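All of these numbers come straight from a predicted model, not from anything done at the bench.
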Amino acid sequence: MFCQRMDRVRALMVGEGVDVLLLSVGADLPYFCGYEAMPLERLTMLVVPREDHARLIVPRLEAPRVVERPDVFEILTWDETDDPIELARGLIGAASVAAIGDHTWAGFLVDLMGVLPSVEFRRASELTSPLRQIKDAAEVESLRAAAAAADRVAAALQAGDIPLVGRTEAQVSAELGRRLLAEGHQRVNFAIVAAGANAASPHHEPGERVIRPGEVVLCDFGGTLAGTGGVGYCSDITRCVHLGDPPPELTDAYEVLFEAQAAQVAASVAGQPCQEVDRVGRAMITEAGFGDNFIHRTGHGIGTEAHEDPYIVEGNLRELRPGHAFSIEPGIYLPGRWGLRLEDIVVAGVDAPDNLTTADHHLALIDA
Ligand code: ZN
Ligand code: ZN
Ligand code: ZN
């Protein structure tokens, strides 16, 4: 698998005139070699020349973490008193164009530019994103497993199994996190819990606010679950519950959101430009009078990263292809009052979308 990915990126390097690919911290490195660099101050860098074999520069004390894959890369360790930039410079050699991982610490890029003044540096994502954003069958199954685990937590929330009234948002957030782990995630990436007017802030930070009867509670949570190649894949789901009977204006707005989100999921098929998927739902929400209350893009790609290409946003003309995996998460936010969002993870198919999220899509009503 890693050999295949390496072959494919090398083919792109030929087409793009890139001599060497440099990957450090971030999601590109594990995608191509199965190793995730520690996001610390010591340099880890996979150097992939277009024609020569790849070498992984790694601090000696972190080398024991590396799963050796001699068919993919050679390991080159450096000691505390060595200069890893010098090591990298030696491997980059006579390259004139280098593509460097977008998440590489800026400090290392500045140092490399200093010792390699004639090398032109480009963003590695120009090469890695086109490969990473199309998920193969094993990756889709990894995303499906992560989505299913998050679904089970959402189902518990919707069934009223997670106490809400009288608890703080932070307490509920912690419980969502514990449940994500209990359902098999290795890591919790976020667990937004926003009650009442706080739900009008899409990325609300759960706090000491106590949840009361008569309120809507928006929960948006996800984590990372071990997947194909030993690399983790992300889940991400948003569901809203209402404590007691909701006022008609909220039920009506939810109905608009529900229909818009379903239309966007249905539009997630190959050949459809990303912006078109955004427009389909935005038009319906605007038609209902909430155009100014849908204040963010429709969604983001998802894979080994919680947010990656492709972005489902106005202006993104990229056409969906089978294997594109992304969120569909429109929202309606009324500042000072309430907010609603509904989020699924969808994989574009040839003529039908594969919706990985199966938790009930309705506004769950919980006795309070
Ligand atoms: Zn978000
Ligand atoms: Zn989310
Ligand atoms: Zn999301």
Considering only NZ, NE, NH1 and NH2 on the basic side and carboxylate oxygens on the acidic side, decide whether R42 and E80 come within less than 4.0 Å. yes
Distance from R10 atom CZ to D52 atom CG, nearest 0.5 Å? 8.0 Å
Going by atom types alone, do S96 and D19 pair a side-chain donor with an acceptor below 3.5 Å? yes
L257 versus P330: any side-chain heavy-atom pair under 4.5 Å? yes
Is the shortest distance from a Lys or Arg side-chain nitrogen in D309 or R132 to a carboxylate oxygen in the other one below 4.0 Å? no
Can you check whether V20 reaches V47 side chain to side chain, under 4.5 Å on heavy atoms? yes
Could you tell me how the ring of Y254 sits relative to the ring of F258: parallel (under 30°), tilted (30 to 60°) or perpendicular (over 60°)? tilted
Do S327 and D236 meet the criterion of a side-chain donor-acceptor pair at a distance under 3.5 Å? no
At what distance, to the nearest 0.5 angstrom, does CG of L143 lie from OG of S235? 9.5 Å
Should the pair R5 and Y31 be classed as cation-pi, given the thresholds of under 6.0 Å to the six-membered ring centre and 45° from the axis? yes
Check: D79 main-chain N/O paired with D82 side-chain donor or acceptor under 3.5 Å: yes
If every non-hydrogen atom of P39 is compared with every non-hydrogen atom of V25, which pair is closest and at what distance? CA-CG1, 3.6 Å
Check: I192 main-chain N/O paired with H204 side-chain donor or acceptor under 3.5 Å: no
Under 3.5 Å, is there a donor on one side chain and an acceptor on the other for H53 and E74? yes
Hey, is the main chain of I332 close enough, under 3.5 Å, to the side chain of N293 for a donor-acceptor pair? no
Determine yes or no for a side-chain-to-main-chain donor-acceptor pair under 3.5 angstrom, with R8 supplying the side chain and C3 the backbone. no
State, yes or no, whether a side-chain contact exists between E276 and E319 at a heavy-atom distance under 4.5 Å. no
Within 45° cone and under 6.0 Å: R55 NZ/CZ vs F73 ring: no
Report yes or no: does S24 contribute a side-chain atom to a donor-acceptor pair with the main-chain N or O of T44 at less than 3.5 Å? yes
State, with a plain yes or no, whether a side-chain heavy atom of I328 is found less than 4.5 Å away from one of S268. yes
Between F326 and H324, is the ring centroid distance below 6.0 Å? no
Taking the side chain as every heavy atom from C-beta outward, state whether R282 and T298 have any atom pair closer than 4.5 Å. yes
Among I366, N198, V241, exactly one meets side-chain contact (heavy atoms from CB on, under 4.5 Å) together with V217. Which residue is that? V241
To the nearest 0.5 angstrom, please state how far the CG atom of D111 sits from the CG atom of L109. 9.0 Å
Is T304 close to P30 at the side-chain level, that is, under 4.5 Å between some pair of heavy atoms? no
E86 bridged to R89 by N-O distance under 4.0 Å: yes
For a side-chain contact (heavy atoms from CB on, under 4.5 Å) check, start with the C-alpha distance between Y35 and L56, then their side-chain angles and the critical distance, and finish with the verdict. CA-CA 10 Å; Y35 178 67; L56 182 69; 4.0 Å; yes
Keeping S142 on the side-chain end and T228 on the backbone end, is there a donor-acceptor pair under 3.5 Å? yes
Just by distance, with hydrogens left out, do R297 and Y311 show a side-chain donor and acceptor under 3.5 Å apart? no
First locate atom NE2 of H103, then atom CG of D28, and finally report the distance between them rounded to the nearest 0.5 Å. 8.0 Å
Under the 3.5 angstrom rule, does the side chain of T104 hit a backbone N or O of I100 as a donor-acceptor pair? no
Taking all heavy atoms of Y233 and all of V231, pick out the closest pair and write down the distance. CD1-O, 3.4 Å
Flag the pair L91 / L76 as yes when at least one side-chain heavy-atom distance between them is below 4.5 Å, and no otherwise. yes
Does any N or O in the side chain of S173 come within less than 3.5 Å of the main-chain N or O of E169, such that one atom is a donor and the other an acceptor? no
On a heavy-atom basis, which atom in H362 and which in D360 lie closest, and how many Å separate them? N-OD2, 2.9 Å
Under the side-chain contact (heavy atoms from CB on, under 4.5 Å) rule, what do F2 and Q4 come out as? Steps first, then yes or no, please. CA-CA 5 Å; F2 296 115; Q4 216 175 10; over 6 Å; no
From R152 atom CZ to L157 atom CG, the distance as rounded to the nearest 0.5 Å: 15.5 Å
Could you tell me whether D220 and R341 make a salt bridge, using a distance below 4.0 angstrom between a side-chain N and a carboxylate O? yes
For H203 and H307, take the angle between the two ring planes, folded into 0 to 90°, and tell me which bin it lands in: parallel under 30, tilted 30 to 60, perpendicular over 60. tilted
E215/R212 salt bridge by N-O under 4.0 Å criterion: yes
Within the 4.5 Å heavy-atom criterion, are I312 and H300 side-chain neighbours or not? no
Enter the distance from D136:CG to E141:CD here, rounded to the nearest 0.5 Å. 10.0 Å
Pair V269, V350 - check side-chain contact (heavy atoms from CB on, under 4.5 Å), show working. CA-CA 6 Å; V269 291; V350 179; over 6 Å; no
With a 3.5 Å distance limit and no angle check, can you tell me whether N355 reaches the backbone of V346 through a side-chain donor-acceptor pair? no
E208/R167 ion pair, N-O < 4.0 Å: no
Polar side-chain atom of D102 near backbone of S125 as donor-acceptor pair, under 3.5 Å: yes
Ion pair present between R179 and E183, side-chain N to carboxylate O less than 4.0 angstrom? no
Closest non-hydrogen atoms of Q264 and V277, given as atom of the first, atom of the second and distance, are NE2-O, 3.1 Å
Pair K135, E308 - check salt bridge (Lys or Arg N to Asp or Glu O under 4.0 Å), show working. CA-CA 12 Å; K135 273 67 184 178; E308 58 182 49; 2.5 Å; yes
